Amino acid sequence: MPVELVEKKPRKALPVHLVRKDGLETAGLSPQALAWAKANGFLGEAGKTLVLPGKDGELSGALFGHGEGSLQLGALAKALPEGDWHFADVPADPELAALALALGGYVFTRYGKKPGKALRFVLPAGADAARVASLVEAVHLVRDLVNTPTSDMGPEALEQAVRTLARRHKADVAVTKGDDLLKKNFPMIHAVGRASAEAPRLIDLTWGPKNAPKVTLVGKGVCFDTGGLDIKPSASMLLMKKDMGGAANVLGLASMIMAAGLKVRLRVLIPAVENSISANAFRPGDVLTSRKGITVEIGNTDAEGRLVLADALALADDEKPELLVDMATLTGAARVALGPDLPPFYTDDETLAGELAAAAVAVEDPLWRMPLWKAYDGKLASKVADINNVTPDSFAGSITAALFLKRFVEKAQSWAHFDIFAWNPSERAYGPAGGEAQAIRALERVISGRFG
C-alpha cells in the first residue's frame with residue numbers, strides 16, 4: 001500500500017534524522033546515536049538508511065543520508081521498518097519530501113503483487129495535505145495506466161479510464177469511434193487503428209468555464225504498437241503496452257489541474273488506437289490525407305504516433321488555445337540523445353521554454369529543451385505527397401518528429417511537444433521499475449503560475 005501521510009503526529013512516531021555526507025558531528029544527534037552510526041560505518045552517504053536501536057529491543061529512530069534533491073527521500077518508504085515516523089527536522093522542501101515518500105511506496109498490485117510496508121509518516125510542516133494528495137493521485141494514476149497490459153488497457157479500457165476521471169471532477173466526455181472518425185474528418189486516426197479488433201477512437205474531455213483561458217492537452221494513446229506492417233522485432237514489442245504513456249500523462253496532468261480548480265477551460269484529446277496487423281492495415285507507400293488537408297506519404301508504419309497526434313492537434317488548434325501541449329512516447333531517438341530520465345521538449349515560445357526549465361528544477365521533474373531546427377524540415381519531403389512521416393536517414397529523429405507535428409499547429413498562442421519515455425527501466429528512490437509520470441509536475445507548476 002502507498003505510504004500513509006498523516007497530519008497529526010502519532011504518539012510513538014519515531015524520528016528520521018537527515019544527515020549530510022560527513023555531517024554526523026553537526027547533525028544534532030545524541031551521543032548514543034552518534035556512536036551507533038560510527039560503529040556501523042554510516043557516514044551520511046546519499047540514500048543510505050541506518051535504524052537506531054532503543055531500549056528493550058525497540059527502535060529509537062533512523063538516520064538517512066541526504067544528498068542533493070528531495071525525491072531521494074522516497075527511498076525511506078522501502079528502507080524503514082513498519083510503523084509511525086516523522087522527520088526530526090523540517091526538510092528543505094516539505095511538499096517534495098512528502099511527495100517522495102508517497103511515490104517511493106508505490107506498488108502496482110492489480111495482478112497479485114503484494115502491497116508494500118505499512119508505513120505512516122507525519123506530513124512535514126509547511127506541506128499542503130490536499131495538494132500533496134492530488135499530486136500523488138495523479139502520478140499513481142499515470143503509473144497504473146502505463147503498467148496495465150493491453151489485454152486490460154486497450155482503446156475501450158482507456159476510454160473508460162477517461163470517463164472515470166471525468167466523473168470524479170464533473171467533466172464532460174465525447175467520443176468519436178470507428179467509421180465515425182471518417183465522417184468527422186479524422187482520417188489518420190482511423191487509418192492507424194482500423195486493423196485492430198478494438199475500434200479506434202478520439203476521446204475528448206472538457207472541463208471548466210467556457211470563457212476561461214483555453215488549455216488543451218493532447219496525448220498519444222497507442223495502446224499497443226506492433227509497428228504495423230513494418231513490424232517490430234519481438235524484443236522491441238516487450239514494452240509497447242507503454243505506448244499510450246502520453247495519454248496517461250496528460251490524464252495525470254488533467255487530474256492535477258481539475259483537483260486544483262484552476263481557472264481554465266481544459267480540453268484533453270486522446271487518439272486511442274492499436275497499431276495492429278491485418279488485411280486492412282495501412283501500408284508503407286500509402287498516402288493519407290490528414291484532417292488539416294496535408295497529404296502524408298507513409299514511409300514507415302511504425303511512425304504511427306505522429307499520425308494520430310496530427311489529426312488531434314489540428315482539431316485542438318482550431319480553437320486557438322492559449323496553451324497547447326502534446327505528450328507522446330514518440331521516438332527512440334529521444335532516448336538515444338538524453339536517456340530514459342530526461343525527456344526533451346520542443347517549443348518556439350521563449351517565455352514558455354524559460355518557465356518550463358525553471359519549473360523542472362524547482363519540482364525535480366527533469367526536462368531539456370531541444371531545437372525545432374528548421375534546416376531539418378526538408379528531410380520530411382515526399383515525391384508524391386506534401387510530406388513523409390519519416391526521413392530517409394536515421395539522424396535527428398526526435399527533432400524531425402517534432403517538426404512533423406509543428407506543421408499541424410498554426411493558431412495556438414503557445415505550443416509545446418514533449419517526447420517522453422513514461423517508464424523507469426530500473427528502480428528509483430521515488431518509485432519502482434515500470435510506468436512513470438514525466439514532465440507533468442513541471443507543467444502543472446507552469447500552468448498554475450499562468451492561470452491559477
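The model shown is predicted, which means the values in this text are computed figures rather than measured ones.
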> Checking salt bridge (Lys or Arg N to Asp or Glu O under 4.0 Å) for the pair D84/R120: CA distance, chi angles, key distance, verdict?
Replying inline: CA-CA 5 Å; D84 296 331; R120 286 199 304 175; 2.8 Å; yes

[X] side chain to [Y] main-chain N or O, any donor-acceptor pair under 3.5 Å?
| X | Y | result |
| --- | --- | --- |
| R306 | L405 | no |
| N40 | F42 | no |
| R441 | V363 | yes |
| N147 | R143 | yes |
| D317 | A412 | yes |

Would you call the rings of [X] and [Y] parallel, tilted or perpendicular, taking 30° and 60° as the class edges?
| X | Y | answer |
| --- | --- | --- |
| H417 | Y346 | parallel |
| F408 | F404 | tilted |
| F418 | F345 | parallel |

Do the non-hydrogen side-chain atoms of [X] and [Y] ever get within less than 4.5 Å of each other?
| X | Y | value |
| --- | --- | --- |
| E156 | K177 | yes |
| V273 | H190 | no |
| W207 | V268 | no |
| L315 | R291 | yes |
| E436 | W423 | no |
| E364 | Y430 | no |
| P149 | Y111 | yes |
| P94 | L123 | no |

>> Exactly one of T206, D204, T216 should register a side chain to side chain donor-acceptor pair (under 3.5 Å) with R267. Which one does?
In response: D204

Contact summary for [X] and [Y], nearest pair of heavy atoms:
| X | Y | value |
| --- | --- | --- |
| G221 | I270 | CA-CG2, 4.2 Å |
| P344 | L338 | CB-CD1, 3.7 Å |
| F451 | E322 | CZ-CB, 4.2 Å |
| T49 | F64 | OG1-CD1, 3.3 Å |
| G227 | D225 | N-OD1, 2.8 Å |
| M188 | S290 | CE-CB, 3.4 Å |

Quick one: [atom1] on [X] to [atom2] on [Y], what's the gap to the nearest 0.5 Å?
| X | Y | atom1 | atom2 | result |
| --- | --- | --- | --- | --- |
| L313 | K406 | CG | NZ | 12.5 Å |
| I203 | L269 | CD1 | CG | 10.0 Å |
| T351 | R450 | OG1 | CZ | 7.0 Å |
| K184 | L202 | NZ | CG | 9.5 Å |

Can you give me every donor-acceptor pair (side chain of residues 245-261, partner residue at least two apart or in another chain, under 3.5 Å) with its distance?
residue, atom, partner, partner atom, Å
N249, OD1, Q438, N, 2.9
N249, ND2, G245, O, 2.9

Listing, residues 167-175 side-chain donor-acceptor contacts under 3.5 Å, not counting sequence neighbours, or none:
residue, atom, partner, partner atom, Å
R167, NH2, T164, OG1, 3.3
R168, NH1, E137, OE2, 3.0

>> One pair to check against side chain to side chain donor-acceptor pair (under 3.5 Å): W415 and D348. What are the steps and the verdict?
In response: CA-CA 8 Å; W415 166 70; D348 50 13; over 6 Å; no

Does anything in [range] pair up under salt bridge (Lys or Arg N to Asp or Glu O under 4.0 Å), and if so which pairs, sequence neighbours excluded?
| range | answer |
| --- | --- |
| residues 243-261 | K220-D243 |
| residues 8-27 | E25-K38 |
| residues 245-262 | none |

Should the heavy atoms of other residues, nucleotides or ligands under 6.0 Å from [atom1] of [X] be counted, would the total exceed 12?
| X | atom1 | value |
| --- | --- | --- |
| K292 | NZ | yes |
| E82 | CD | yes |
| K232 | NZ | yes |
| D89 | CG | no |

For residues 71-80, run the donor-acceptor check on the side chains, cut-off 3.5 Å, and write out each pair with its distance to 0.1 Å, sequence neighbours left out.
residue, atom, partner, partner atom, Å
Q72, OE1, G67, N, 3.0
Q72, NE2, G67, O, 3.2
Q72, NE2, E68, O, 2.7
Q72, NE2, G69, O, 2.9
K78, NZ, G104, O, 2.7

> Are R428 and D341 within salt-bridge range, i.e. N to O under 4.0 Å?
Replying inline: yes

